[in-house]
Amino acid sequence: MLQLNYLREQTAEAKSRLNKRNPNFASVVDEVLALDEKARAAKKEMETNQAEANVIAKQIGELMKNGKREEAEALKQQTSQLKADAKLLEDKSKQLDEELFAKLVTLPNTPNEIVPEGKTPEENVTVYQYGDLPALDKAALPHWDLITNYNLIDFELGTKITGAGFPVYRGKGARMQRGLVNFFLDEAMKAGYEEIVPPFLVNAESGFGTGQLPDKEGQMYHAQVDDLYLIPTAEVPITNIYRDVILKEEELPIKNVGYSPCFRREAGSWGAHVRGLNRLHQFEKVEIVQIATPEQSYQLLDEMVKHVQSLLEKLELPYRILRLCGGDMGFTSALTYDFETYSAAQQRWLEVSSTSNFESFQANRLKCRYKNKEGKNHLVHTLNGSALALPRILATILENNQTPNGIKVPKALIPYVGFDMIS
RNA sequence: GGAGAGUUGGCAGAGUGGUCGAUUGCGGCAGUCUUGAAAACUGUUGUCUGUCAUAGGACCGGGGGUUCGAAUCCCUCACUCUCCGCCA
């Protein structure tokens, strides 16, 4: 949620930044500001009324104390009009507040200056590319064939137990999965992140805090009896640790890492290129989260990008980094870098990480602030990134490392899985 | 699941209708004393909103109600604790 102060004081800048997403937002900003003015006026009226009533109530208290019953009764008569007004003024103010809020939450975050213009993924900018694209021979198989041949993952079994998109990993497939999770967690720990095991279901407040609700309601599984949501990413529970919290400036930046399964309904997004591990309803991911001051946040974003790079390089995977354009960026993000690995048999780039700075957009919803050295509270900046999402990493490893004799395990992973070859 | 007791400021813990935004203790901060520190003493110490600045408004788990006036009374929801039951 954008800060009203910012919209009021830097209207032109806010509009021009939002423009990168969609020019229609400029008029929404105007509507928000108009509502804001109305709501503030209504509130003032209500408070003036309240102040008068408070004065009289105090006087009555004084009179009662001194035994001046009759004078007190006389004063009570005076309050009837104030009381009637109070009800109306309060309702009006509340209603305007609600309208304002409903409008405000429809505005996405303002893109950073360096975010490229553009509407579609084609307009994302590749800022870095690493590694040679492996040249596989013609007999090379896509991962969905490899996992069957080597009995690593059983999709049909998952379909039987649950439904499409819930694979069953087994044997060396399961071992790869666990090894990757441990590898990613260890690497994050070495980089100074505190490990968190969060709840995998969250309440609606948490869903709102990080921006999944009300915007992406349909994306999450909802356990309706208990009104809880299965997390689409560990970002949600971990970032919500800091909801309604005032931190000390010295505590920042806070670095957390957490593993979790991620549940995504992906309604309506099934199609030709979601075969195999490319898109699932349940997948595993290790997520890094940082809570920072505005001064720190962009430097930390770079640090996170470097961390993700080091993971991919240790796994010997060719990758590229994209700076997302305004139209492709998530609702809550101010700047996002996507990481894609090259899946050689599919001859496709697969997104394996999305690393973003949300500036104060989530913090405003979370009410997560820090007290600076002067004792003033400011909203923190929040950041997060996948480090990394497992299924596509596994797909890439399987495809790129296949040989006639089996699949070679990347060196860094061997200690984590206990074998160097899947055959 | 059954029965009971609670939820107050960073923490502990008073407060049952009117100068309570809230006694007190601890902690924190500042000062006195000291070469320095501790102790002791003194002062200070929540958040949001609002104003150029004052003033004003709101917040005692959440929501609603009664009242001129609610931390205090009523309703409702959530959570915590204790005992019993069940259970990985």
Side-chain angles (χ1 to χ4, degrees), chain A residues 1-9 32-33 35-102 104-105 197-209 213 222-229 237 240-252 254 261 291 360 362-380:
Chain A
M1 190 161 59
L2 292 172
Q3 297 183 65
L4 275 170
N5 265 341
Y6 172 71
L7 293 178
R8 271 185 222 134
E9 286 159 23
V32 165
L33 289 175
L35 273 172
D36 175 48
E37 206 154 312
K38 270 198 200 170
R40 275 142 54 94
K43 191 168 192 190
K44 190 159 208 169
E45 235 184 306
M46 177 186 84
E47 285 180 356
T48 308
N49 185 274
Q50 189 60 251
E52 283 180 49
N54 285 350
V55 168
I56 294 179
K58 215 165 230 182
Q59 287 172 349
I60 292 174
E62 201 94 14
L63 290 170
M64 295 292 266
K65 214 176 180 183
N66 299 327
K68 298 179 182 168
R69 264 273 167 70
E70 278 156 40
E71 286 177 54
E73 288 300 325
L75 267 182
K76 278 194 198 178
Q77 303 301 317
Q78 281 187 32
T79 61
S80 62
Q81 188 57 45
L82 284 172
K83 252 201 133 182
D85 290 349
K87 185 82 190 145
L88 293 174
L89 292 170
E90 196 182 314
D91 288 348
K92 187 176 165 198
S93 168
K94 209 181 252 182
Q95 199 203 324
L96 283 166
D97 278 348
E98 277 165 20
E99 279 176 46
L100 172 61
F101 179 79
L104 185 60
V105 294
V197 180
F200 299 153
L201 277 80
V202 295
N203 57 29
E205 289 76 46
S206 294
F208 174 76
L213 296 174
H222 186 197
Q224 295 185 15
V225 175
D226 298 294
D227 195 20
L228 295 172
Y229 296 85
N240 272 280
I241 291 173
Y242 307 98
R243 173 153 52 83
D244 291 321
V245 166
I246 298 174
L247 298 155
K248 296 191 193 100
E249 187 168 0
E250 311 87 84
E251 296 178 83
L252 302 176
I254 291 171
I291 312 291
S360 60
Q362 290 183 329
N364 195 26
R365 291 180 167 212
L366 295 160
K367 294 199 183 15
C368 178
R369 290 157 294 178
Y370 72 98
K371 200 181 274 296
N372 71 8
K373 280 157 192 136
E374 287 83 52
K376 283 262 184 200
N377 292 329
H378 292 288
L379 291 175
V380 299

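As the structure is a computational prediction, the values presented were derived from the model and not from experiment. Heavy atoms only: backbone and side chains are in, while hydrogens, waters and symmetry mates are out. Throughout, protein chains are lettered first and strands after them, A, B, ... in sequence-line order, and every chain is numbered starting at 1.
- Checked against B:rG65, B:rG64, B:rG57, the side chain of A:Ala51 finds its nearest nucleotide in B:rG57.
- The residue A:Lys87 sits close only to the backbone: its heavy atoms come under 4.0 Å of sugar-phosphate atoms, none of a base.
- One atom, CG of A:Asn5, and another, C1' of B:rG50, lie 12 Å apart when rounded to the nearest Å.
- For B:rC86, there is no paired nucleotide, since no Watson-Crick or G-U wobble pair has both relevant distances below 3.5 Å.
- A:Asn49 has its CG atom 15 Å from the P atom of B:rC68, to the nearest Å.
- Figure legend. B:rU32 is base-paired to B:rA40; pairs are counted as Watson-Crick or G-U wobble with both atom distances under 3.5 Å.
- For the pair A:Lys44 and B:rG50, the criterion of a side-chain N or O lying under 4.0 Å from OP1 or OP2 is not met.
- A:Glu62 has its CD atom 12 Å from the P atom of B:rC20, to the nearest Å.
- In this entry B:rG4 has B:rC81 as its Watson-Crick or G-U wobble partner, both defining distances falling under 3.5 Å.
- Checking B:rU24 for Watson-Crick or G-U wobble geometry (two distances, each under 3.5 Å) identifies B:rA12 as its partner.
- Across the protein-nucleic acid pair, A:Lys83 atom NZ and B:rU66 atom C1' stand 8 Å apart, rounded to whole Å.
- Between A:Asn54 and B:rG57 there is a side-chain N or O to OP1 or OP2 distance below 4.0 Å.
- Applying the 3.5 Å distance criterion, the base of B:rG57 shares no donor-acceptor pair with the side chain of A:Gln50.
- On the P atoms, B:rA22 is 15 Å away from B:rU47, given to the nearest whole Å.
- For the pair A:Asn377 CG and B:rC48 C1', the computed distance is 10 Å after rounding to whole Å.
- Remark: A:Arg369 is in phosphate contact with B:rC48, judged by side-chain N or O atoms under 4.0 Å from OP1 or OP2.
- The phosphate of B:rG46 (OP1 or OP2) has no side-chain N or O of A:Lys371 nearer than 4.0 angstrom.
- Between A:Leu82 atom CG and B:rG69 atom C1' the separation is 13 Å, expressed in whole Å.
- Few gaps surround CD on A:Glu249; more than 12 heavy atoms of other groups in view lie less than 6.0 Å from it.
- Residue contacts shown for A:Ile60 include a base, since a base heavy atom lies under 4.0 Å away.
- For B:rU49, the OP1/OP2 oxygens have no side-chain nitrogen or oxygen of A:Lys367 closer than 4.0 Å.
- More than 12 heavy atoms of other residues, nucleotides or ligands lie within 6.0 Å of CD in A:Glu205, so this atom counts as buried by the packing criterion.
- Atom P of nucleotide B:rG56 and atom CZ of A:Arg40 are separated by 20 Å, given to the nearest angstrom.
- Taking a pair to require two hydrogen-bonding distances under 3.5 Å in either a Watson-Crick or a G-U wobble arrangement, B:rU51 remains unpaired.
- To the nearest whole angstrom, the two P atoms, one in B:rA37 and one in B:rU44, are 23 Å apart.
- Taking a pair to require two hydrogen-bonding distances under 3.5 Å in either a Watson-Crick or a G-U wobble arrangement, B:rG17 remains unpaired.
- B:rG57 sits 39 Å from B:rC41 when the C1' atoms are compared, rounded to a whole Å.
- Put simply, NZ on A:Lys248 is 14 Å from C1' on B:rG46, counting in whole angstrom units.
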